[in-house]
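So that the names make sense, note that chain A is the first sequence line, chain B the second, and so on, each numbered from 1.
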Amino acid sequence: MAAYRGSLLARHGRAGGVTGLHAGPSRRRAQAAGPIASGQRAGNSPAGELGVAPWVAVVGLEIHAQISSSSKLFSGSQVHFAAPPNSLVSFFDASLPGTLPVLNRRCVEAAVMTGLALNCSINKKSLFDRKHYFYADLPAGYQITQQRLPVAVNGSLSYSFCVGGKKNQMVTRTVRIKQIQLEQDSGKSLHDDTRSQTLIDLNRAGVGLMEVVMEPDMSSGEEAAAAVRELQLILQTLGSSQAIMAEGQLRVDANVSVHHPGEAYGVRTEVKNINSIRFLARAIDYEIQRQIKELGNGGTIMNETRAFDDKLGCTISMRDKEGKQDYRFMPEPNLPPLILYDTKSLPANVNHRQVVNIDWIRERLPDMPSVRREKLVEQYGILPEHSFTLLNEEGLVKFFENVVRQTQMNPKKVIGWILNEMLHRLNQHSLTIKESPVSSLFLADLLNLLERGTISSSAAKQVLEELWNGEGKTPLQIVKEKKLERIQDQQELEQICQAVMEEHQEEVMEIKKGNRKVLNKLIGLVQRTTGGRADPVVVKQILEKRLS
Amino acid sequence: MEQKPLPQKTLTVEVLDHLERLALVDFRTLEGVQRLEKAIQFADQLHAVNTQGVEPMDSVLEDRCLYLREDNITEGNCTEDLLCNARETVEEYFIAPPGNIPLPKLNERDTFLQVSE
């Protein structure tokens with residue numbers, strides 16, 4: 001969108017015009033009391049006494065994932081992110097009279113895959129409905145969705161996150177999936193405040209969406225973020241959605257309420273306009289605190305929709321003067337029920353292109369992230385936390401396995417180099433693993449030199465630094481050039497240690513008094529003298545022997 | 001136009017206001033409301049049929065097979081054709097008003113439904 005908005009601004013370029021255009025948050029769903037997030041009962045929770053009774057937050061999520069397909073849900077126009085306005089629009093998408101919806105099989109398969117991956121029951125019969133509301137980017141005046149009987153129900157999603165002061169304890173939780181339904185996306189509105197008008201681009205109108213409704217089993221922004229992250233990984237693994245939040249392929253709305261334990265659930269608000277997983281956690285936590293503060297001050301919470309402002313870090317009421325929406329759900333008269341089959345119910349002599357076989361899809365599901373993590377832990381003996389970090393970065397698992405394959409070093413030690421040295425540097429320079437200046441081959445070579453004792457670990461770090469600067473030299477070449485080979489001569493090492501000890505009598509006294517920590521300082525000094533070519537373990541042994 | 005008290009207990013002013021708001025129609029006169037009532041009475045005749053144990057039919061297509069299309073790009077690229085129907089366009093965008101303009105509340109509207117003092 002940005003490129004084309006640019007041309008509009010260029011032509012009408014006035015100071016006001018530049019700031020005037022913005023894609024505002026969807027303003028139509030003004031009310032939050034729809035058929036979503038069951039279990040949350042609207043009811044005022046009594047204003048708690050300041051600081052006395054504890055508060056419990058209840059968080060439910062509605063997630064819209066754009067289906068990764070070539071064409072749209074009910075029409076043959078292309079699905080593509082950036083394109084000239086209204087160029088990827090068919091007559092049906094524009095809701096011209098006389099057009100009819102035709103269901104895209106790929107979208108059905110994507111929904112079934114996702115349902116199976118989330119442990120849902122797949123409804124062999126599901127129905128399409130119309131949800132009516134007026135908004136300029138919804139040309140038909142209704143959205144085709146699955147309100148009565150969606151394609152998948154009653155699933156679950158397990159997610160993990162780190163707790164504790166040092167964030168090194170992994171906690172695993174589960175959130176129930178109420179349902180997954182197929183529905184149409186709407187077009188895009190660009191608000192032009194200066195000229196008091198809205199620009200409508202229907203390229204996105206009719207793109208297939210999977211709406212994943214989670215039960216309100218979560219209670220914090222952190223949990224919600226972890227759950228969404230895991231869902232994102234699952235969708236990307238399946239390929240049913242690329243789930244890139246920044247491109248609007250994954251949109252999350254959060255329903256938040258607070259109450260005192262043992263009492264009725266509080267009034268919930270719906271928070272929209274969240275553009276990243278980080279903002280999701282922040283928005284939810286802010287809303288929880290806002291509600292607690294409001295109730296603590298004797299106020300009440302309104303059942304309303306609020307937008308998250310990421311610059312201010314707060315939620316703002318989107319209360320529309322329209323009041324409660326009546327969606328007037330009705331069955332979609334132009335679409336018969338969607339029937340799915342499994343191997344048992346598959347009719348004979350059927351055109352395979354006209355059926356979706358749940359078992360066929362299930363057999364071809366790839367390993368889910370949780371399974372991949374387990375396999376990594378089992379195969380390489382790394383910690384569960386490590387497996388999470390590996391899977392979180394695209395391409396990192398492959399890199400890790402490539403290194404492991406080419407080195408004698410124990411994978412448990414290799415992982416340290418991957419996470420602490422490589423990933424750290426990549427993050428510092430904002431690079432992906434694919435853009436890494438150090439290849440898996442070179443890293444493996446380096447680790448082999450270390451394993452064989454040719455160089456010390458401090459020398460290895462120096463070599464890595466050189467490799468990172470990417471002059472094309474192999475690790476061995478760098479070692480030779482910089483004379484980083486480990487000092488093997490025991491006598492030479494003893495002499496150096498003796499010299500360092502003599503130069504630092506104070507420290508020696510400290511150690512002899514019992515302050516063992518100062519020993520590390522001496523080891524460091526020896527290392528500096530040798531330019532990192534001494535094995536720290538051997539140096540420590542020598543020093544300890546001399547200090548005893 | 002005379003303001004007459006509204007008949008029929010079931011069709012409250014709230015319901016009529018709700019309908020006017022949703023469908024953006026204006027009942028205008030008592031005759032308009034009466035026509036609506038007659039239509040409802042006509043439809044209510046359906047209640048005379050005993051539908052106990054009968055599955056509701058929501059589409060005459062219920063026995064048909066839902067045709068599944070291959071995921072190929074077969075349409076689109078007709079921007080000009082689409083835009084030529086619009087009254088206002090700007091650089092290949094449709095132009096719409098800034099947002100939904102809500103119907104004023106009942107007591108702020110000039111409508112037949114306003115109950116006279």
Side-chain angles (χ1 to χ4, degrees), chain A residues 4 7-8 11 27-28 69-71 75-78 84-94 96 102-108 127 132 134-137 189-193 196-202 320-323 326 328 330-339 353-356, chain B residues 12-25 43 55-109:
Chain A
Y4 302 94
S7 81
L8 179 66
R11 210 197 283 179
R27 301 177 68 214
R28 71 199 83 119
S69 60
S70 306
S71 58
S75 69
S77 38
Q78 189 183 9
N86 293 306
S87 62
L88 307 179
V89 185
S90 68
F91 286 7
F92 170 77
D93 303 329
L96 297 189
V102 186
L103 184 55
N104 180 339
R105 199 182 83 238
R106 157 72 189 160
C107 294
V108 179
L127 306 168
H132 300 81
F134 292 114
Y135 208 70
D137 60 23
S189 317
L190 275 181
H191 299 290
D192 182 357
D193 296 328
S196 208
Q197 62 190 16
T198 304
L199 309 176
I200 304 292
D201 173 13
L202 298 178
D320 211 303
K321 285 173 270 172
E322 270 191 67
D326 180 347
R328 289 161 285 145
M330 67 175 254
E332 168 54 62
N334 294 322
L335 293 170
L338 172 62
I339 308 293
R353 282 201 263 186
Q354 282 305 312
V355 295
V356 173
Chain B
T12 62
V13 178
E14 283 75 40
V15 170
L16 290 167
D17 175 41
H18 187 60
L19 287 173
E20 282 201 339
R21 190 174 291 278
L22 282 181
L24 295 177
V25 300
E55 271 295 302
M57 169 196 269
D58 44 53
S59 168
V60 293
L61 302 171
E62 66 178 14
D63 290 331
R64 295 280 194 91
C65 227
L66 176 50
Y67 178 78
L68 295 173
R69 183 174 58 83
E70 293 292 313
D71 187 24
N72 297 320
I73 302 163
T74 57
E75 302 175 278
N77 268 311
C78 49
T79 318
E80 271 182 49
D81 287 338
L82 295 173
L83 291 175
C84 76
N85 287 329
R87 192 184 66 178
E88 267 190 83
T89 64
V90 168
E91 259 190 50
E92 306 196 314
Y93 288 93
F94 292 101
I95 295 292
N100 284 356
I101 303 161
L103 211 57
K105 286 206 178 61
L106 181 57
N107 51 12
E108 292 162 16
R109 240 163 55 228

Between the OG atom in A/Ser90 and the CG atom in B/Asp81, the distance rounded to the nearest 0.5 Å is 12.0 Å

Please report the interatomic distance CG(B/Leu68) to SG(A/Cys107), rounded to the nearest 0.5 Å. 10.5 Å

With heavy-atom distances below 4.5 Å as the criterion, would you say the side chains of A/Gln354 and B/Cys65 are in contact? no

Could you go through A/Leu199 and B/Ile95, starting from their C-alpha distance and side-chain angles, then the distance that decides it, and tell me whether this counts as side-chain contact (heavy atoms from CB on, under 4.5 Å)? CA-CA 5 Å; A/Leu199 309 176; B/Ile95 295 292; 3.1 Å; yes

Checking A/Asp93 against chain B: side chain, backbone, both or neither under 4.5 Å from a heavy atom? neither

Just wondering, do B/Phe94 and A/Thr198 contact through their side chains at under 4.5 Å, heavy atoms? no

CD on B/Glu91 to CG on A/Asp201, rounded to 0.5 Å: 12.5 Å

Exercise: identify the closest heavy-atom pair between A/Ser196 and B/Pro98: O-CD, 3.2 Å

Looking only at heavy atoms, which two atoms of B/Glu75 and A/Gly76 are closest? And how far apart? OE1-N, 2.6 Å

So, taking the atom named OG1 in B/Thr89 and the one named CD1 in A/Ile200, what distance separates them when rounded to the nearest 0.5 Å? 13.0 Å

Whatever's closer than 4.5 Å to a heavy atom in chain A on B/Asn77 counts as both

Contact summary for A/Pro337 and B/Leu66, nearest pair of heavy atoms: O-CB, 3.7 Å

Nearest-0.5 Å distance that lies between atom OG in A/Ser71 and atom CD in B/Glu70: 9.5 Å

A/Pro331 portion near chain B, given a 4.5 angstrom heavy-atom threshold: side chain

Against chain B, label A/Ile339 side chain, backbone, both or neither, depending on which of its atoms sit under 4.5 Å from a heavy atom there. neither

Can any side-chain N or O of B/Thr79 pair as donor or acceptor with the backbone N or O of A/Asn86 at less than 3.5 Å? yes

What pair of heavy atoms forms the shortest contact from B/Ala96 to A/Ala136, and how long is it? CB-CB, 3.5 Å

Can you tell which part of A/Pro333 gets under 4.5 Å to a heavy atom of chain B, answering side chain, backbone, both or neither? backbone

Ignoring hydrogens and geometry, is there a side-chain-to-backbone donor-acceptor pair from B/Asp71 to A/Ser70 under 3.5 Å? yes

A/Arg328 atom CZ, over 12 foreign heavy atoms within 6.0 Å: yes

